[in-house]
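Predicted, not measured: the structure shown is a model, and the values here were computed from it.
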Amino acid sequence: MKSNSTIGYSNLLIHLILLLAIALLANGALFGKTKHMIDKANKKGPYIGIVIPNLFEMNPLLNYPEYKSSKLIIDAGGRRFRFGSIGNKQVILVMTGLGMLNSGVTTQLLLSLFDIIGVVHYGIAGNANPSLNIGDVAIPHSWAHSALWSWQRFGNGPDDELPLEANGDYTREIGYLNFADYSTISNGENLLNNIWYQPEEIFPVDGVPEERQHAFWVPIDPTYFNLAKTLESLELQGCLNATTCLSIPPKVTTVERGTSASIYLDNTAYRNFIYNKFNISPVEMESAAVALISYQQRVPFIVIRALSDLAGGGEHSNEADTFIDLAANNSVKVAVEFIKLIPSPKKISSILSV
């Protein structure tokens with residue numbers, strides 16, 4: 001005969017199993033409903049995916065006259081996908097959140113779940129290029145993730161092989177930053193030594209799985225880049241209000257390079273270093289991840305970044321506190337005008353009935 005404690009334990013175990021089963025059934029039903037919505041939406045595709053870092057950059061688009069929102073919203077994987085249209089293009093908006101991890105995960109979800117024929121990523125950025133100004137919208141030809149490093153031990157120098165370099169894991173080809181160059185003590189050494197910039201390991205969809213390739217500079221789609229050049233005469237917002245205006249009217253410009261890292265850059269020395277070494281213009285925290293995912297998935301993409309601050313190069317405090325809204329508005333305007341230029345897919349259908 002079973003003891004009362006054994007019976008009690010058995011009953012508790014049964015209850016736990018039942019609760020788990022109910023939870024699994026509920027999650028399965030939820031996933032099934034979401035999958036049905038995704039499948040139904042994809043039958044109405046294809047779409048342009050619009051990837052946006054934060055709410056203050058997304059809200060101007062949601063309120064933009066040429067953006068028409070549909071009633072369809074699909075929540076999946078912790079992200080919210082909003083459906084709408086710009087001109088005759090069907091679009092899906094999704095917010096990434098801050099940093100490289102969030103933007104990479106979000107872009108992969110977008111491309112995995114939906115019928116996407118192109119990715120437009122826009123937002124604000126710091127500016128490392130002394131020939132550009134706050135309010136300008138920069139559209140780089142190529143993007144790099146500039147915070148993947150091999151950090152060299154103290155005492156080793158440029159001629160010393162990096163750990164695992166012989167295996168092809170790390171390289172000295174891209175170059176390095178020597179911390180001693182920024183010492184305030186003349187001829188002083190620096191225990192931080194050198195950091196060597198590294199390319200990302202990538203696995204393109206048309207490659208061999210688990211057979212790595214490498215990429216540091218990721219080029220945007222050439223057709224998209226040529227379309228972007230036609231926007232260089234676009235008039236942008238130059239004033240915050242009746243009394244506060246930029247000293248130089250902002251412009252749209254295509255540039256050679258931009259860079260991302262999950263680091264907020266507000267430092268003059270590093271700003272000058274990456275500009276002089278890599279010819280960087282916009283610096284920010286998400287675009288390289290969007291570029292790397294889109295490039296590996298072989299989906300055309302473009303990045304549009306409005307310059308909100310000088311990344312530490314200004315004489316006073318960071319300018320983004322003042323010009324963030326102006327920059328966000330300018331990035332939205334250029335993104336909308338660019339999307340209108342994208343050639344329409346052969347299949348066009350309304351998502352309003354989804």
Side-chain angles (χ1 to χ4, degrees), residues 35 38-39 42 45-51 53 76-79 81 92 94 96-97 99-121 139-150 161-175 195-228 256-262 278 280 284-304 342-343 345-347:
K35 186 177 184 304
I38 292 170
D39 291 343
N42 283 332
Y47 302 92
I48 302 294
I50 306 179
V51 180
R79 302 299 191 271
F81 299 92
I92 301 176
V94 61
T96 68
M100 293 280 288
L101 176 61
N102 276 326
S103 55
V105 167
T106 304
T107 304
Q108 185 62 68
L109 271 173
L110 172 73
L111 299 183
S112 297
L113 295 176
F114 299 103
D115 182 9
I116 302 297
I117 57 169
V119 171
V120 175
H121 176 56
I139 305 175
H141 175 269
S142 300
W143 282 88
H145 174 207
S146 56
L148 182 58
W149 301 336
S150 177
E161 187 175 281
L162 301 176
L164 305 179
E165 185 177 358
N167 296 333
D169 291 343
Y170 298 100
T171 178
R172 290 170 290 170
E173 292 181 2
I174 298 169
I195 55 170
W196 292 84
Y197 291 88
Q198 300 300 316
E200 287 277 1
E201 289 186 356
I202 62 171
F203 300 87
V205 293
D206 51 4
V208 178
E210 299 183 352
E211 186 174 298
R212 64 181 178 177
Q213 300 179 27
H214 289 94
F216 188 69
W217 295 113
V218 181
I220 71 170
D221 180 79
T223 300
Y224 280 15
F225 193 64
N226 288 331
L227 287 177
E256 184 178 3
R257 292 170 173 173
T259 186
S260 306
S262 291
F278 296 125
I280 295 294
E284 39 79 277
M285 303 175 71
E286 294 87 21
S287 296
V290 177
L292 282 159
I293 297 298
S294 300
Y295 182 70
Q296 293 183 79
Q297 297 298 316
R298 301 305 193 221
V299 176
F301 74 94
I302 194 169
V303 176
I304 297 166
I342 298 175
K346 294 180 180 179
K347 179 183 176 183

Ser260-His145 side chain donor-acceptor pair, cut-off 3.5 Å: no

Taken to the nearest 0.5 Å, the spacing of Ile293 CD1 from Gln108 CD works out to 5.0 Å

Those residues at least two apart in sequence (or on a different chain) that pass salt bridge (charged side-chain N to carboxylate O under 4.0 Å, His left out) with Glu201 are Arg212

Contacts of Glu165 meeting salt bridge (charged side-chain N to carboxylate O under 4.0 Å, His left out) (sequence neighbours excluded), chain-then-number -> Arg172

Kindly indicate whether the side chain of Thr96, heavy atoms from C-beta on, has any atom under 4.5 Å from the side chain of Val51.
-> yes

Is the shortest side-chain heavy-atom distance between Arg79 and Leu113 below 4.5 Å? no

Across all chains, not counting sequence neighbours, the ring pair (Phe, Tyr, Trp, His ring centres under 6.0 Å) partners of His214 are none

Practice task
Before giving the answer on side-chain contact (heavy atoms from CB on, under 4.5 Å), spell out for Ile139 and Val303 the whole-Å C-alpha distance, their side-chain angles and the decisive distance to 0.1 Å.
Solution key: CA-CA 6 Å; Ile139 305 175; Val303 176; over 6 Å; no

Between Leu292 and Thr107, is a side-chain contact (heavy atoms from CB on, under 4.5 Å) present by the stated rule, with each step listed?
-> CA-CA 10 Å; Leu292 282 159; Thr107 304; over 6 Å; no

CD1 of Ile220 to OG of Ser142, rounded to nearest 0.5 Å, is 8.0 Å

Q) Does Gln296 reach the main-chain N or O of Phe203 with its side chain, forming a donor-acceptor pair under 3.5 Å? A) yes

Taken in chain and number order and not counting sequence neighbours, the residues that satisfy ring pair (Phe, Tyr, Trp, His ring centres under 6.0 Å) with Tyr224 are Phe338

Check: Ile202 versus Tyr295: any side-chain heavy-atom pair under 4.5 Å?
Finding: yes

Between the CD1 atom in Ile195 and the CG atom in Leu148, the distance rounded to the nearest 0.5 Å is 11.0 Å

| Under 3.5 Å: donor-acceptor pair, side chain of Asn42, backbone of Asp115 | yes

Kindly check if the number of other-residue, nucleotide or ligand heavy atoms within 6.0 Å of OH (Tyr197) is above 12?
-> yes

Could Arg257 and Trp143 be counted as a cation-pi pair, given that NZ or CZ must be under 6.0 Å from the ring centre and within 45° of the axis?
no

**Donor on one side chain, acceptor on other, Glu256 and His141, under 3.5 Å** = no

#### Entry: Whether Phe216 and Phe278 hold their rings parallel, tilted or perpendicular, with breakpoints at 30° and 60°
tilted

Do Ser146 and Thr259 have side-chain atoms, one donor and one acceptor, less than 3.5 Å apart?
yes

Flag the pair Ile116 / Ile48 as yes when at least one side-chain heavy-atom distance between them is below 4.5 Å, and no otherwise.
no

Residue pair Ile50 / Val94, side-chain heavy-atom distance below 4.5 Å: no

Residue set satisfying side-chain contact (heavy atoms from CB on, under 4.5 Å) with Thr171, at least two apart, ordered chain then number -> Glu173, Gln198, Pro199

Heavy atoms of Tyr170 and Pro163 approach each other most closely as CD1-O, 3.3 Å

Applying ring pair (Phe, Tyr, Trp, His ring centres under 6.0 Å) to Phe301 and not counting sequence neighbours gives none

State, yes or no, whether a side-chain contact exists between Leu109 and Phe114 at a heavy-atom distance under 4.5 Å. no

Donor-acceptor pair, side chain of Asp221 and main chain of Thr223, under 3.5 angstrom
yes

Scanning both residues in full, the closest heavy-atom pair of Trp149 with Ala147 reads NE1-CA, 3.5 Å

With the side chain counted from C-beta on, respond yes when Val119 and Leu111 share a heavy-atom pair under 4.5 Å apart, and no when they do not. yes

Any side-chain heavy atom of Glu286 within less than 4.5 Å of one from His121?
yes

Quick one: does any side-chain atom of Ser103 pair with a main-chain N or O of Val290 as donor and acceptor, under 3.5 Å?
no

